[in-house]
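First up is the structure itself, then whatever we jot down about it.
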Amino acid sequence: MEPKLSDYKTEVHNDWCPGCGDFGIVSAIQMALTEMKIPRHKAAIFSGIGCSGKTSHFINVFGIHTLHGRVLTFAQGAKLANPEMTIVVAGGDGDGLGIGAGHFVAAGRRNVDMTYIIFNNAVYGLTKGQASPTLQLGLKTKSLPQPNVNQSVNPIGLAIASGFTFVGRGYSYDVRQLKDLIIAAVKHKGLAFLDVLQPCPTYNDINTRDWFAGLGNIDQTTRKSQPRIYKLEDTGYDPVVHYSSEEEVNEKLTQALIKANEWDAKIPTGIFYQNELIAPYEQRIADRIPNYLENPPADQPISSGGKPITDISKILDSLEV
Ligand code: SF4
């Protein structure tokens, strides 16, 4: 029987604030899993710490709520142990681009075939709205006593520089576009990153739903407010690397970085960059370990007759004092 949307929903009590953008992201993930007909036992959601960390509780597939800044390490390990699983990673901008920034860069270099979604609201919502790594220098949200004193990090630019082979951005209140982006990211062969703009109505009173819709963004010709968000696909933008020529790769990377730097009056969403000509990490491992993909670690027996197969007695002996 084909899975239904309701199959991916859980009964777990949700205590996110009313109007939080997180709701749209969870809905988009559930819709994407339904449309792709991914069996529940073949999918896993890994989440970090923060408001977005609860995502793994609300989607009815395998769910693993991990440690602050370490979610990518758990997810990569699971994918490498069981390459057949569809892995979606969910975390906040503070989790992934603050304490987890080193893992973000390392994951980009590996290119494990999975999807990483950052819920980007520019504040640490779970701990009362401190400035996160994506809040711009000089901004003062209502939760800050003084304007932010740090430069912000550009998630799209950092993902491109780190080697992610699919880089996109969605908006949590455009659930339909976000669902399509998640499907494209999951289908991508390699590590996909989605920066999802997620208004936090409780602590970020600057990047609000009205702000994204155009509040204060006056077009000088028409004197009317213009929506800040637009879709790259509506402009004829082509993010895909079609050939592995150095010239084309450089051209696609450069245009993605230019788009990554657009902000404020015009904010692009959609796919910025996609390159499937770089081998996923699993393929590189398979080139070194015969039968890795046919017989991955998750399929190998770990015990026989109730006893572990692995003999660690020599290791324990070596540690004896
Ligand atoms: Fe959402 Fe912000 Fe509330 Fe957290 S604090 S649940 S991010 S609105």
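One-based numbering, in listed order, for ligands and for the atoms of each. What you are looking at is a predicted structure, and each value in this text was computed from that prediction instead of being measured.
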Numbered atoms and elements of ligand 1 in range of [X], under 4.0 angstrom, heavy atoms:
X: Thr202; answer: 3 (Fe), 8 (S)
X: Gln198; answer: 7 (S)
X: Trp16; answer: 6 (S)

Below 4.0 Å, non-hydrogen atoms only: which portion of Asn121 touches ligand 1? Side chain, backbone, both or neither. side chain

May I ask you to identify, for Tyr203, whether its side chain, its backbone, both or neither come under 4.0 Å of ligand 1 on a heavy-atom basis? side chain

N/O/S from Cys51 sitting under 2.8 Å away from atom 1 (Fe) of ligand 1: no

Nearest to [atom], what protein heavy atom do you find, and at what distance?
atom: atom 3 (Fe) of ligand 1; answer: Cys17 SG, 2.3 Å
atom: atom 1 (Fe) of ligand 1; answer: Cys20 SG, 2.3 Å
atom: atom 2 (Fe) of ligand 1; answer: Cys200 SG, 2.3 Å

Can you find a side-chain donor-acceptor pair between Ser313 and Asp311 that sits under 3.5 Å? yes

Checking side-chain polar atoms at under 3.5 Å, does Asn121 have a donor or acceptor matched by the opposite partner on Gln198? yes

Check the angle between the aromatic planes of [X] and [Y] and answer parallel, tilted or perpendicular using the 30° and 60° thresholds.
X: Trp211; Y: Trp263; answer: tilted
X: Tyr171; Y: Phe212; answer: tilted
X: Phe193; Y: Tyr116; answer: tilted

Output for pair (Phe58 CZ, Ile29 CD1), nearest 0.5 Å, gives 11.5 Å

Candidates Asp195, Thr269, Asn120 - the one meeting side chain to side chain donor-acceptor pair (under 3.5 Å) with Arg169: Asp195

